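Just so it is clear, the model here is predicted, and its values are computed rather than measured.
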Amino acid sequence: MSMSMLFLVMLVGVAATFYFCRQRSLSLASELGGIRHLHSLPVFYGVQAALWCAIPCLLIFGLWVVFDDAIIRELTLQYLTEEQRSLSANELQLLLSTIESITTGSSTVNDPQLIAISQHIVDFRSVSNLALSITVVCSLVGLSFWAWFKLKPENKARSNVERCFMLFLLLCSTLAIFTTVGIVFSVIFESIRFFQIVPIQEFIFGTQWSPQLSIRADQVGSSGAFGAVPLFTGTLLISAIAMLVAVPTGLMTAIYLSEYASSRVRSVVKPILEILAGIPTVVYGFFAALTIAPMIKNGLHGLGLDIAFLGVSIGPLEVSGESALAAGLVMGVMIIPFVSSLSDDVINAVPQSLRDGAYGLGSTQSETIKKVIFPAALPGIVGAILLAVSRAIGETMIVVMAVGTAAKLTFNPLESVTTVTVQMTTLLIGDHEFDSAKTLAAFALGLVLFIITLGLNFIALNIVKKYREQYD
Amino acid sequence: MNNSVTTESIAPLASEKTPEKAKTSNVITEENSDAYTTVGQAFSENAKMSMRNVNVFYDEKQAIYDVNLDIGTNEVVAMIGPSGCGKSTFLRCLNRMNDTIDTCKVTGKFLLEDQDINDRKMDVVPLRARVGMVFQKPNPFPKSIYDNVAYGARIHGLADRKSDLDDIVETSLQKAGLWNEVKDRLQQPGTSLSGGQQQRLCIARTIAVSPEVILMDEPCSALDPIATARIEELIDELSQNYTIAIVTHSMQQAARVSHRTAYFHLGKLIEVNETEKVFTNPDHGLTEAYITGRFG
Ligand SMILES: Nc1ncnc2c1ncn2[C@@H]1O[C@H](COP(=O)(O)OP(=O)(O)O)[C@@H](O)[C@H]1O
Ligand SMILES: [Mg+2]
């Protein structure tokens, strides 16, 4: 029986159990003189019985599917020759993959021994499949009957079903937690491996970043330096530019929308802002690289003299096509809707009574905003900004496209810099061994980035929470 | 609710006393609303504010029908009536607070002394300094007690020096009967006070801009009886210097604090009279029905 067929059978069995147990509870009820003599409504008895069947069957099914490959693999090993079994782990894996590809018919290997083994595997699989089907169907039927016979009017079906539902919801929510924990641990372990190769102080305080490891021992200029400072300054520079764009614009937008705009304007502007928020970051990246960066370059070319005249030394005015400014500007635009919609929520949450109070004393609209609404909303707005900062720090795509990968330690927005996230992608793109310092460095960067954004989010959410409590 | 049935079945008690008014007033329903004249003494010799032919609409829905009323200088006028009858709406017209509601349209004449405040050209900023408002729920700003009271004085430029501002804050808090309770904690947030204290803080905040008229919209409805008694005392004291219009759902409160009482019903001003008369011997049947608790 194929897996999907088996699944269908399970579904039908469970549905039938539900139906019959519900009927039975109804007939028990009529014997007793009405549904109100049952502990729970008939549908709860049905659901309870269905759950009693479905949960064990699904467990068996799941465990079987998880473990049968491993078991079959163990069984296959006995057919290998002594020397094949003593191969290294990698080579053994390769051999097993070859055999596997014979079973699916996608390999042209003609080794009779391997073909024989693959035949064994096919046999094992069909036996396993059959056994699974029988086990599942038997337990299904057994459990259905058991549920049917165990059904008593005084069963606490309602509370059992509610508890199951609660557990199910709990399971779903823990999924996210487990994923987070898994990611954290994998990043931490890989980072520890990295710090065994590169000392942690060199990583955190080093100002040289050139992760090119030598391919040949005699190669020049590829010592592999892993000082992360230029990456973090680059990230800082770009995020700062982005926030300079996003915070004032977003905040003013929010104030306009929540305090000044008529409902007509609001109904037009808000959706447009939401579109802005929905544009994929790659597209922003195009825009930054192809439109904004050249514009800045050309614009500054004309301005060059003036800047020199003002005595601001920004070095030789060779603006590179890839500048931190372009990426920062575009990233700022990207974050505007984020800032504006969060601040809009916060401003709207300021109670109307405060506005009335201010207007009632003769405040103008801007006085009301400056002196009453803004201070009242400030904690929430700070929270929103911190969330936006962590967004900016984590943003990759725009920077990849508009900034490049040169790890320069500079605070000049017209130069090309690189950021943590960009380096992480470049480190991991392409074929690398997974335990070279180069790839492991990506995990170390990820760890630091994770700690920073986690900290920011933690602070931000706490501020926002405090703020909420103030008005509840 | 069967208001219309009730209203038609109750004839004005004083129909003999005011025959010409009784004719129009004895059946008042939502249909024949336009031609209604208030019974009692809606007008005052010494009016601080005079409202004439006031109609208020929320979009198409009319909330106030042709109200005429005077509020005398240093008088406390209470406005009572079943909820939804338009008391707040009317009160909010008196300092143009309804401007903040887009759908709200107000017509009619509102004279503050001899200035029409409903004129679109009228600047609401100085108006609201002259006609202050205290709201149903205490709404101190998220600032210190001092800054709450100083707020109005600052935005109206009433104090040139810090010491002037200190004076204004102190006298306002004293007038609001809050000074002794807060004089040692002026820098603490206004929200840290109790509900009754917050409301007195709001009154102090209103007084601080030296208004001539104070509007109060159910100022005690969120307070406990002791805090309420404290505010009522305060209103009594304030009436020596200020003209006060107070909306209240408590008839006892209206009886205790006000000189005249106006009874609103479904957007119409039914009766205005000396408070004592309204509560002992009202001219109109609807008023009597309300004060004896037959509806409301
Ligand atoms: N902002 C508003 N928009 C539309 N209708 C309103 C608004 N405020 C009040 N109303 C309506 O106007 C009428 C009078 O309301 P209100 O003045 O608040 O009554 P009261 O203060 O006497 O309880 C009610 O029918 C109410 O539904
Ligand atoms: Mg009201």
Peer 1: Of all heavy-atom pairs between D356(A) and F135(B), which one has the smallest distance, and what is that distance?
Peer 2: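 D356(A) and F135(B) have their closest heavy atoms at O-CZ, 3.3 Å.
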Peer 1: Can you tell me how far apart CG (N139(B)) and CZ (R355(A)) are? Round to the nearest 0.5 Å.
Peer 2: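 Those atoms lie 12.0 Å apart.
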Peer 1: About how many Å separate NZ of K137(B) and CD of Q352(A), when rounded to the nearest 0.5 Å?
Peer 2: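 Answer for the CD-NZ pair, Q352(A) versus K137(B), is 11.5 Å.
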Peer 1: Identify the two heavy atoms, one from L361(A) and one from I155(B), that lie closest to each other, and give their separation to 0.1 Å.
Peer 2: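 Closest approach of L361(A) to I155(B), heavy atoms only: O-CD1, 3.9 Å.
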Peer 1: Does any heavy atom of chain A fall under 4.5 Å from the side chain of N95(B), the backbone, both, or neither of them?
Peer 2: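 Contact with chain A is through the side chain of N95(B) alone.
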Peer 1: For the candidates M97(B), M133(B), R130(B), which exhibits the highest count of non-hydrogen atom pairs separated by less than 4.5 Å from chain A?
Peer 2: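 Among the listed options, the one with the most contacts to chain A is M97(B).
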Peer 1: Under a 4.5 Å heavy-atom cut-off, does chain A meet the side chain of P140(B), its backbone, both or neither?
Peer 2: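 When you check distances to chain A, only backbone atoms of P140(B) fall under 4.5 Å.
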Peer 1: Measuring heavy-atom distances to chain A, does V134(B) have an atom under 4.5 Å in its side chain, in its backbone, in both, or in neither?
Peer 2: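 It is neither, since no heavy atom gets under 4.5 Å.
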Peer 1: Indicate the atoms forming the closest heavy-atom contact of L354(A) with P142(B), along with that distance.
Peer 2: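 Of all heavy-atom pairs spanning L354(A) and P142(B), the closest is CD1-CD, 3.8 Å.
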Peer 1: For Y151(B) versus S363(A), what's the shortest heavy-atom pair and its separation?
Peer 2: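 Y151(B) and S363(A) have their closest heavy atoms at OH-OG, 2.8 Å.
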Peer 1: Between K371(A) and K143(B), what is the shortest heavy-atom contact and its length?
Peer 2: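 Closest pair (atom of K371(A), atom of K143(B), distance): O-NZ, 2.7 Å.
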Peer 1: Counting only heavy atoms from other residues, nucleotides and ligands, does the tally under 6.0 Å from CZ of F458(A) exceed 12?
Peer 2: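 Open: at most 12 neighbouring heavy atoms sit under 6.0 Å from CZ of F458(A).
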Peer 1: Within a radius of less than 6.0 Å around NZ of K109(B), do more than 12 heavy atoms belonging to other residues, nucleotides or ligands occur?
Peer 2: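 No, not enclosed.
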Peer 1: Could you tell me which portion of R96(B) (side chain, backbone, both or neither) has an atom closer than 4.5 angstrom to a non-hydrogen atom of chain A?
Peer 2: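 Nothing of R96(B), per the 4.5 Å heavy-atom cut-off to chain A.
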